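In this text the structure is predicted, and so the values were computed from the model without any measurement.
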Amino acid sequence: MDEEVLLLGSWGSPFSRRVEMALKLKGIEYRYIEEDLTNKSPSLLKYNPVHKKVPVLVHNGKPVVESLVILEYIDETWKDHPILPKDPYERAHARFWAKFIDEKSSIAGFKACCWGEEKEREKAKEEAFEKLQFLENELKEKRFFGGENIGLVDITGNIIGYWLGVFEEASGVKLLTREKFPKLCNWADEFVSASAIKENLPPRDKLLATLRRRLGGANASK
């Protein structure tokens with residue numbers, strides 16, 4: 001039976017893009033539907049009535065929501081090119097760092113670039129340095145967080161490997177420097193150069209212009 005795989009997403013969302021990266025790495029054919037998040041479609045409201053957010057993966061009519069949940073679902077459903085280790089301990093370890101990126105390091109980085117008064121941003125900057133250092137230490141001498149191959153933590157880290165740099169340029173705040181974080185910088189260079197990743201990154205100029213507009217509006221409202 002033919003499988004139907006749909007992805008409801010948004011072009012500038014790192015959470016949508018990470019799902020596309022996993023699908024591309026595994027060679028899964030899918031149909032992409034761009035959502036206008038200012039005017040959410042009936043499909044999005046139907047498939048994700050709780051959060052009403054992207055991404056939503058719809059596999060043979062059944063929706064899966066939340067990007068990390070979707071990534072695990074993809075890995076369990078399509079076995080080729082695994083993005084999670086087979087060993088239970090290593091799988092738990094990868095889940096920990098993926099959650100750390102989403103809930104700690106990326107939030108601190110974006111706060112430092114964008115949110116709050118200057119004093120709050122300075123505090124967030126110090127916190128971001130601390131969180132990025134944990135990731136620097138975790139990389140050790142590995143090419144990717146997943147070892148020699150791109151895995152769950154790398155895909156989740158797209159928000160640091162690509163989006164953070166755009167936020168830095170839009171805001172004028174610099175966090176991820178080669179002086180402080182040489183391993184993370186090398187990892188980011190390798191990660192965004194991989195074909196399955198590069199093909200699923202939004203155009204930098206377009207993303208930068210969008211972020212500058214949003215930051216300008218945020219600053220004007222203070």
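In this structure, the side chain of S105 does not engage the main chain of L132 through any donor-acceptor pair within 3.5 Å. Between the R17 side chain and the W11 main chain, a donor and an acceptor come within less than 3.5 Å of each other. The backbone N or O of G146 sits less than 3.5 Å from a side-chain atom of D154, completing a donor-acceptor pair. Side-chain N or O atoms of R91 include one that pairs as donor or acceptor with a backbone N or O of P85 at under 3.5 Å. Formation of a donor-acceptor pair under 3.5 Å by the K40 side chain with backbone atoms of K52 is found in this model. Listed for the S16 side chain is a donor-acceptor partner under 3.5 Å among the backbone atoms of S10. For E190 (side chain) and F144 (main-chain N/O), no donor-acceptor pair under 3.5 Å exists by modelled atom type. Side chain of Y162 to backbone of P14: no donor-acceptor contact under 3.5 angstrom is found. With E148 contributing its side chain and R143 its backbone, the two residues share no donor-acceptor pair below 3.5 Å.
The aromatic rings of W78 and H59 are tilted relative to each other, their planes meeting at an angle between 30° and 60°. The aromatic rings of F100 and F96 lie parallel to each other, with less than 30° between the two planes, well short of the 60° mark.
Under the side-chain contact (heavy atoms from CB on, under 4.5 Å) test applied with N48, the options V56, V64, L8, V54 reduce to a single match, V56.
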Give the intermediate values and the outcome of side chain to side chain contact (heavy atoms under 4.5 Å, CB included) for residues D75 and K26. CA-CA 9 Å; D75 204 44; K26 286 177 169 284; 2.9 Å; yes
Do H93 and E138 pass the side chain to side chain contact (heavy atoms under 4.5 Å, CB included) test, and can you show the C-alpha distance, the side-chain angles, and the key distance before you say yes or no? CA-CA 11 Å; H93 193 70; E138 172 59 20; 3.1 Å; yes
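By the 4.0 Å N-to-carboxylate-O rule, E127 lies too far from K111 to be salt-bridged with it. Between K53 and E66 there is no salt bridge, since no side-chain N of the basic residue sits under 4.0 Å from a carboxylate O of the acidic one.
Judged as a ring pair (Phe, Tyr, Trp, His ring centres under 6.0 Å), the pairs with a partner in residues 168-198 (not counting sequence neighbours) are, in order, F145-W187, W187-F191.
When all heavy atoms are compared, the tightest approach of L37 to L44 is CD2-CD2, 4.3 Å. The shortest heavy-atom contact between V173 and A112 is CG2-O, 3.8 Å. Counting all heavy atoms, side chain and backbone alike, I83 lies closest to I150 at CG2-O, 4.3 Å. In terms of heavy-atom proximity, L25 sits nearest to A196 at CD2-CB, 3.7 Å. Nearest heavy-atom pair, L201 versus M21, reported as atom, atom and distance to 0.1 Å: CD2-CE, 3.6 Å. What you find for A128 and L175 is that their closest heavy atoms are CB-CD1, 4.2 Å.
For NZ of K180, the number of neighbouring non-hydrogen atoms (other residues, nucleotides, ligands) closer than 6.0 Å is 12 at most.
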